[in-house]
Amino acid sequence: MEPLPEVTDPRVIDGRKIALDIEAGVKEEVEIFVKEHGVKPALATILVGEHPPSKLYVKLKHWAAKRVGIISEDHKFPQETKQEEIIWLIETLNRRPEIHGILVQLPLPKHIDEREVMMKISPVKDVDGFNPLNMGKMFIGSEGFVPCTPKGIIRALCEFNIDPKGMEVVVVGHSNVVGKPAAIMLLNRNATVKICHVFSKDLKSQTQKADILIVATGVRGLVKADMVKEGAIVFDVGITWQDEKVYGDVDFEDVLPKVKLISPVPGGVGPMTIAILMEHTLQAAKIQSE
Ligand code: GUN
């Protein structure tokens, strides 16, 4: 991957800088944790199949773990692996006291039921926040482990002292990984939230009303300037890989002149997601050491 240019435009959210700050805090706390408990926080990742972006994301997660002093264990499986085998590993990891966090990289192959798998991760080791108990807690406003990408968005808003209370938020995309949890977490912070998706009619008329627009569809360049309100805050969460490069869901150059703030792709929510995962792994280690 080629290095990203430095962010100098004040409208552009520098996700890498926010991530580095989070990582620096985690690293310090990990050192304290190790001194107090004599063990290092540890994360186990599970990757099934050969999906190249997933392989890269998992590698980036292991690199981040190394940077902050977290042990990481890499479990890779071929595409045709049976669901039972993955569940067997999760149950083994649940029982191992020296493993504090478990992450199953999504998407999983079609023959594996993601929901069944997520249900098996112990809620206290569920650093991705995909277990239904943690999802349910988020739903009732008692956020524990929540999905890392929406949490990164909330963190970025905090960095810029933006309180979403009363703001019009439009989320485009209704996945369990980003769209739905982002909507609920912003609702928990008293924003007025609308979720649009592939079946929504007249997307433009909805997105034009957004003070905060979160786009997570995987459709390259879906959002153009005419779909964005003047002075909006835009989070581009989409990722499309083409010719070894990544593209977001937002036509960045087109939209930039209209926005107050925008998170770019790459260098926006991606690095923040990974930093939050590190924070969660430390948090999981603390909970399990109480
Ligand atoms: N695939 C895309 N985003 C994520 C994520 O945040 N966590 C996991 N486990 N898989 C993903």
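Start at 1 and go down the list; that is how both ligands and their atoms are numbered.
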For ligand 1, output the ligand-protein N/O contacts shorter than 3.5 angstrom; if there are none, return none.
| from | atom 1 | to | atom 2 | distance (Å) |
| --- | --- | --- | --- | --- |
| ligand 1 | 1 (N) | Gln105 | NE2 | 3.3 |
| ligand 1 | 1 (N) | Leu106 | O | 2.9 |
| ligand 1 | 7 (N) | Asp128 | OD1 | 3.4 |
| ligand 1 | 7 (N) | Asp128 | OD2 | 3.1 |
| ligand 1 | 9 (N) | Val104 | O | 2.8 |
| ligand 1 | 9 (N) | Asp128 | OD2 | 2.5 |
| ligand 1 | 10 (N) | Gln105 | NE2 | 3.4 |
| ligand 1 | 10 (N) | Leu106 | N | 3.0 |

Does any pair with a residue in [range] pass salt bridge (Lys or Arg N to Asp or Glu O under 4.0 Å), and if so which ones, sequence neighbours excluded?
| range | result |
| --- | --- |
| residues 91-105 | Glu73-Arg96, Arg96-Glu98 |
| residues 150-172 | Arg155-Glu279 |
| residues 173-199 | Glu143-Arg189 |

Check your understanding: Salt bridge between Asp9 and Arg11, side-chain N to carboxylate O under 4.0 Å?
Key ->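 Yes, this pair counts.
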Check your understanding: Hey, mind stepping through Lys76 and Asp74 against salt bridge (charged side-chain N to carboxylate O under 4.0 Å, His left out) and telling me if it holds?
Key -> CA-CA 6 Å; Lys76 290 200 186 86; Asp74 196 2; 2.9 Å; yes
Check your understanding: Going from CG on Leu108 to CG on Asp113, what distance comes out if it is rounded to the nearest 0.5 angstrom?
Key ->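 One gets 9.5 Å once the value is rounded to the nearest 0.5 Å.
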